[in-house]
Amino acid sequence: MNRLMELSLLRQMSGTLVPTRPPLALRTMLERQQTELLRRQQEFVHIKAAVDQLSEEYEDAQSRGTRAGWERLESQAAIHARMERLAGRTTGECVSLLPAAANGAEALNARRPIDQHMMDRGVLVWNVYPESIYNDRAGLAYARWIAHNGGKVGTAPSLPLWLVAYDRTTALLPADPADPDAGAVQVSGAGYITGLIALFERLCESMTPLDAPGSCDDDQPTPLEKEMLRLMGQGLTDEAVCKKLGLGLRTARRTIADIMERLGARSRFEAGAKAVERGWLRPCACGGDQPVRAAKDTKTGPLPPTITEGLGVGVPV
């Protein structure tokens with residue numbers, strides 16, 4: 001009985017309960033629902049305004065607490081939170097260098113909503129990956145997703161460190177590139193950012209668009225193969241080459257064997273000499289009577305100075 005009266009389906013008239021005409025009862029119910037919706041909408045507006053004000057106060061407090069020019073971020077959680085905050089402020093572009101170590105499944109899952117939010121707002125997301133991304137199924141799928149959604153994506157033979165720069169005013173980079181657990185540093189200011197953007201643009205000069213068709217001349221080395229030859233010429237071990245290029249040891253050794261076969265070389269010593277002869281490597285600009293540090297070949301021992309100069313390792317002691 002009480003429920004029917006609450007729904008206006010019954011009403012009192014001269015001390016007697018009488019049914020309400022259905023059209024009138026339904027209109028009354030709709031008017032009540034509309035009044036409740038308007039009340040809730042107004043309440044939401046007030047809550048949203050309070051949240052926006054709180055967010056602005058928090059951002060101001062964070063800015064005042066930041067050291068002049070840089071700030072250390074100790075944990076992955078702090079880095080992710082800062083990426084979210086900086087991405088939310090970005091209006092023009094976000095450029096990134098993303099070596100193999102920055103493309104793990106956990107990192108990709110954390111970046112996806114951030115990148116999605118920026119692209120939805122018309123921000124240009126420009127990512128550069130190492131060429132080894134083609135050997136990483138999850139990383140390659142993510143790079144293609146960025147490109148498909150309007151981002152700019154390319155590859156370079158190797159990347160020196162991970163870097164994310166927002167609107168060319170603020171950037172994040174590793175506190176120690178050799179230690180992934182060392183955290184990150186946020187930098188700002190013209191002096192810092194100009195140098196980092198110059199590094200990014202310099203690497204972009206050798207960038208190849210993602211999934212670009214290969215060279216029609218199969219005899220010429222790819223940018224990755226040239227970089228591998230250069231690192232080998234510096235005397236790096238196979239393991240060190242793999243780390244710098246983000247390749248697996250088997251893949252690297254298979255690529256090295258293929259290069260040597262194409263050069264018709266039986267040892268790395270001979271491969272280095274023939275690579276210089278063919279113009280695959282440029283002779284080192286240093287020279288004269290300066291002593292050089294000899295690079296070691298895994299099969300033949302130290303290379304003579306004339307060959308190490310051709311491989312680009314004629315470094316003064």
> Tell me whether Ile79 shares a hydrophobic cluster with Leu173, the cluster being built from Ile, Leu, Val, Met, Phe, Trp, Tyr side chains joined at under 4.5 Å.
no
> Which residues pass the salt bridge (Lys or Arg N to Asp or Glu O under 4.0 Å) test with Asp258, sequence neighbours left out?
Arg262
> Any salt bridge (Lys or Arg N to Asp or Glu O under 4.0 Å) pairs touching residues 179-199, not counting sequence neighbours?
none
> Decide whether Leu124 and Met83 are clustered together by the hydrophobic rule: side chain heavy atoms of Ile, Leu, Val, Met, Phe, Trp, Tyr closer than 4.5 Å, transitively.
no
> Any non-hydrogen side-chain atom of Lys48 less than 4.5 Å from a side-chain atom of Phe44?
yes
> Please report the shortest heavy-atom distance between Arg266 and Met260, naming the atom on each side.
C-CE, 3.8 Å
> Taking only residues two or more places apart in sequence, or in another chain, which ones meet Thr237 in a side chain to side chain contact (heavy atoms under 4.5 Å, CB included)?
Glu239, Ala240
> Output all residues satisfying side chain to side chain contact (heavy atoms under 4.5 Å, CB included) with Ala171, sequence neighbours left out; order by chain, then residue number.
Leu163, Ala165, Val187, Ile193, Leu196
> Taking only residues two or more places apart in sequence, or in another chain, which ones meet Arg39 in a salt bridge (Lys or Arg N to Asp or Glu O under 4.0 Å)?
Glu36, Glu43
> What is the minimum heavy-atom distance between Ala100 and Pro130, and which atoms define it?
N-CG, 3.7 Å
> To the closest 0.5 Å, what do you measure between SG (Cys242) and CG (Leu236)?
10.5 Å
> Taking all non-hydrogen atoms of both residues, which atom of Thr170 and which atom of Ser188 are closest, and how far apart?
OG1-CB, 4.3 Å
> Does Leu97 belong to the same Ile/Leu/Val/Met/Phe/Trp/Tyr cluster as Val185, with side-chain heavy atoms less than 4.5 Å apart forming each link?
yes
> Yes or no on side-chain contact (heavy atoms from CB on, under 4.5 Å) for Arg89 and Asp167, after CA distance, side-chain angles and deciding distance?
CA-CA 9 Å; Arg89 291 178 168 183; Asp167 280 340; over 6 Å; no
> For residues Val95 and Tyr129: do they belong to one hydrophobic cluster (side chain heavy atoms under 4.5 Å, members Ile, Leu, Val, Met, Phe, Trp, Tyr)?
no
> Taking only residues two or more places apart in sequence or in another chain, which ones pass salt bridge (Lys or Arg N to Asp or Glu O under 4.0 Å) with Asp211?
Arg144
> What's the shortest heavy-atom distance between Val153 and Ala147, and which atoms?
CG2-N, 3.8 Å
> Step by step, work out the side-chain contact (heavy atoms from CB on, under 4.5 Å) result for Leu161 and Leu199.
CA-CA 10 Å; Leu161 76 173; Leu199 169 65; 3.8 Å; yes
> At their closest point, which heavy atom of Leu159 faces which heavy atom of Pro99, and how far apart are they?
CD1-N, 3.8 Å
> Roughly how far, to the nearest 0.5 Å, is the OG1 atom of Thr208 from the CD atom of Glu131?
5.5 Å
> Any salt bridge (Lys or Arg N to Asp or Glu O under 4.0 Å) pairs touching residues 92-108, not counting sequence neighbours?
Glu93-Arg168
> More than 12 foreign heavy atoms under 6.0 Å from CD of Glu205: is that the case here?
yes
> Distance from Met118 atom CE to Ile146 atom CD1, nearest 0.5 Å?
7.5 Å
> According to ring pair (Phe, Tyr, Trp, His ring centres under 6.0 Å), does anything in residues 144-184 pair up with another residue at least two apart or in another chain? List the pairs.
Tyr142-Trp145
> Just jot down the side chain to side chain contact (heavy atoms under 4.5 Å, CB included) partners of Glu31, sequence neighbours excluded, or say none.
none
> Quick one: are Leu203 and Pro160 in side-chain contact, heavy atoms under 4.5 Å?
yes
> State yes or no: do Val128 and Val164 share one hydrophobic cluster built from I, L, V, M, F, W and Y residues joined by side-chain heavy-atom distances below 4.5 Å, directly or via other members?
no
> Quick one: pull up CE in Met207 and OG1 in Thr155 and give me the separation to the nearest 0.5 Å.
8.0 Å
> Would you please name every residue forming a ring-ring contact (aromatic ring centres under 6.0 Å, His included) with Trp126, sequence neighbours left out?
Phe200
> Would you name the heavy atoms of Ala175 and Arg72 that are closest together and state the gap between them?
CB-NE, 3.5 Å
> Are Ile114 and His117 close enough, and set up right, to give a side-chain contact (heavy atoms from CB on, under 4.5 Å), and what steps lead you there?
CA-CA 5 Å; Ile114 298 175; His117 184 51; 6.0 Å; no
> Just to verify, what does Arg137 make a salt bridge (Lys or Arg N to Asp or Glu O under 4.0 Å) with, not counting sequence neighbours?
none
> How far does CD of Gln116 sit from CE of Met119, to the nearest 0.5 angstrom?
5.0 Å
> Which residues pass the side chain to side chain contact (heavy atoms under 4.5 Å, CB included) test with Pro113, not counting sequence neighbours?
none
> Counting N and O atoms only, with roles assigned by atom type, does the side chain of Asp238 sit under 3.5 Å from a partner on the main chain of Leu249, one being a donor and the other an acceptor?
no
> Atom CG of Leu210 and atom CG of Leu140: how far apart are they, to the nearest 0.5 Å?
6.0 Å
